[in-house]
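Here the structure is a predicted model, which means the values were calculated and not measured. Order of the sequence lines sets the chain letters (A, B, ...), proteins ahead of strands, with each chain counted from 1. The basis for the numbers below is simple: all heavy atoms, side chains too, and nothing from hydrogens, waters or symmetry mates.
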Amino acid sequence: MATVDCPLPSPADLDDNGFPALPSSPAACSSGFAEDFYRSGTDWSSLRAPPPLGPPRRAPGVKERGGGSAVQSSLFQAWGIEKPRRDGRGAGDSSLVQRSLFQAWGIERPQREGLGAGDSSPSSSLSGSLLARKRRRGSTEEERVAAKKPLACPFYKKIPGTPFTVDAFRYGQVEGCSAYFLSHFHHDHYGGLTKKWCHGPIYCSALTARLVKMCLSVNSDYICPLELDTEYVIEGVTVTLLEANHCPGAALIHFRLSDGKTCLHTGDFRASKTMQSHPLLQRGRVNLVYLDTTYCNPKYKFPPQEDVIDFVVRTTRRYLKKQPKTLIVVGAYSIGKENVYLAISQALEAHIYTDASRRRILYSFGWPDLSKRLCSCNQSSSLHVLPLGSINHENLKKYLETLNGRFLAVLAFRPTGWTFSEATGKHLDLIKPSSNANVTIYGVPYSEHSSFTELRDFVMFLKPQKIIPTVNVGNATSRDKMQAHFREWLKSP
DNA sequence: GCGATCAGCT
DNA sequence: CACAGCTGATCGC
């Protein structure tokens with residue numbers, strides 16, 4: 001795995017990875033992701049050499065207890081921070097600190113969290129332009145592509161003080177990583193995992209483990225399923241998976257280092273009051289949080305899932321009353337949104353038709369209430385689950401025709417987190433469907449990520465010392481806005 | 001022909 | 001806006 005050569009960032013600009021530069025003087029720190037990352041919750045005065053890496057990679061066994069790596073003897077060692085040691089620069093130089101950290105952890109251009117969304121940083125007038133991109137990517141990016149080297153693993157996927165990464169499979173062998181955690185089975189998190197995986201053990205929930213094996217044909221020897229709410233000691237670190245309230249098998253990952261430091265990686269999650277009763281998530285007990293900040297913006301308001309499900313069921317009943325020969329369609333990605341169509345199925349006492357590949361996945365959950373409702377005959381079921389991308393008027397009209405007049409109309413739901421407006425965020429009944437002839441499509445704000453207020457309440461309850469956002473970090477403006485929210489939320493008391 | 005990666009799209 | 005993909009093009013095997 002190549003180390004990334006990060007040149008010193010030039011002030012008032014972005015570095016080669018699209019991250020904001022530190023101000024030249026620490027006192028002048030105005031705001032920003034990088035500053036907050038380096039400033040908060042870490043004692044930089046104690047920087048020194050990194051701890052030795054964990055033990056040599058063993059054959060991936062499970063449920064190791066009490067084994068493990070050396071006890072960290074100091075804070076900086078615990079956080080795995082590397083002391084800058086290049087050509088005699090003073091340790092007080094903040095940009096040097098940044099450089100060494102970027103080097104220590106490796107920084108990449110974020111993917112989904114990334115530049116694809118366009119960088120509107122005010123600090124660079126060229127941002128967003130092809131020229132700026134090219135300049136930012138620089139020759140190193142072109143060289144990387146030419147040399148077919150994998151991307152560098154970004155620091156926010158590495159857990160300090162441990163040889164662990166989370167959702168980091170697209171970077172090849174990550175230097176210093178001897179255990180790879182997978183938070184849940186969505187493509188943007190398991191990306192890079194294939195049957196050829198050979199870089200180390202993969203720890204995940206049992207359900208996720210089944211999917212990794214079944215869908216990706218990853219060698220079982222590498223897959224280490226962990227039960228929820230069970231402590232495992234892995235390489236000297238106590239690891240516990242918690243229910244993430246995202247998609248089936250999704251887990252929060254809690255790490256407790258041998259020195260007592262705790263770290264929570266939320267993967268993707270929808271924060272809930274229930275989480276606040278978990279013993280590991282009590283106020284002040286988590287030092288560092290890697291936070292799913294997908295909707296960390298006050299404009300994102302959506303109702304509880306139960307309210308949306310209630311709306312979907314009511315709407316379905318209304319349409320069926322009007323036209324009994326209506327086909328109900330729910331859009332869904334590979335996994336997630338099951339409760340939407342399960343609720344319709346229960347209310348209507350209808351079976352759920354979906355294609356064979358999705359059925360295989362749904363059966364693998366081992367949920368009897370879901371499994372017993374699945375069927376393989378599209379004619380005999382009035383409730384179909386289709387890929388979200390296929391939910392449009394053109395497709396549904398064609399789809400209806402393939403069913404040989406069995407149905408006279410289609411009522412379809414697109415459950416997503418970003419189908420919302422100020423009005424419908426509060427009053428679901430104000431949602432206006434899109435109708436075309438006998439096809440009606442409702443976008444419904446069914447989210448499997450936290451709303452802004454849920455995120456706020458979760459953070460204000462948890463009161464961690466430090467937050468590292470994992471989504472929307474590719475844009476300097478959005479990073480700064482998120483950090484401003486964090487500062488507000490973490491104000492004491 | 002298959003698999004992996006990536007731009008573009010929703 | 002941006003979820004969590006999907007489609008199609010390209011490239012290497």
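- One atom, OH of A/Tyr190, and another, P of B/dA4, lie 12 Å apart when rounded to the nearest Å.
- Just one of A/Tyr290, A/Phe164, A/Tyr232 meets the ring pair (Phe, Tyr, Trp, His ring centres under 6.0 Å) condition when paired with A/Phe181; it is A/Phe164.
- The A/Thr294 side chain lies nearest to C/dC3 when the options are B/dA4, C/dC3, C/dA4.
- Rounded to whole Å, the distance from CZ on A/Arg358 to P on C/dA4 is 14 Å.
- Here the C1' atom of nucleotide C/dC3 and the CD atom of A/Gln305 are 14 Å apart, to the nearest Å.
- For A/Tyr300, the listed nucleotide lying nearest its side chain is C/dC1; candidates were B/dG3, C/dG5, C/dC1.
- Atom NZ of A/Lys481 has 12 or fewer heavy atoms from other residues, nucleotides or ligands within 6.0 Å.
- Aromatic ring orientation, A/His184 versus A/His189: tilted (interplanar angle from 30° to 60°).
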Quick one: side chains of residues 387-394 of chain A, donor-acceptor pairs under 3.5 Å with protein atoms, not counting sequence neighbours, listed by atom name and distance.
residue, atom, partner, partner atom, Å
A/Ser390, OG, A/Pro387, O, 2.7
A/Asn392, OD1, A/Glu394, N, 3.3
A/Asn392, OD1, A/Asn395, N, 2.8
A/Asn392, OD1, A/Asn395, ND2, 3.4
A/His393, NE2, A/Ser434, O, 3.4
A/His393, NE2, A/Ser434, OG, 2.6

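- With rounding to whole Å, A/Leu388 atom CG is found 19 Å from B/dC9 atom P.
- Of the candidate nucleotides B/dA4, C/dC1, C/dA4, C/dC1 has the atom lying nearest to any side-chain atom of A/Lys299.
- At the phosphate of C/dA4, neither OP1 nor OP2 sits under 4.0 Å from any side-chain N or O atom of A/Ser334.
- Across all strands shown, A/Ser447 has no heavy atoms under 4.0 Å from either base or sugar-phosphate atoms.
- Put simply, NZ on A/Lys195 is 12 Å from C1' on B/dA4, counting in whole angstrom units.
- Rounded to whole Å, atom C1' of B/dT5 lies 18 Å from atom CZ of A/Phe169.
- For A/His449 and C/dC1, the shortest distance from a side-chain N or O to OP1 or OP2 is not below 4.0 Å.
- The separation between A/Ile391 atom CD1 and C/dA4 atom P is 17 Å, rounded to whole Å.
- Atom CG in A/Leu193 sits about 15 Å away from atom C1' in B/dT5, given to the nearest Å.
- Contact check, A/His186 against C/dG5: a side-chain N or O comes under 4.0 Å of OP1 or OP2.
- Listed by first and then second residue, the side-chain hydrogen bond (donor to acceptor under 3.5 Å, both in side chains) pairs involving residues 337-348 of chain A are A/Ser345-A/Arg373 (not counting sequence neighbours).
- Of the candidate nucleotides C/dC3, B/dA4, C/dA2, C/dC3 has the atom lying nearest to any side-chain atom of A/Tyr333.
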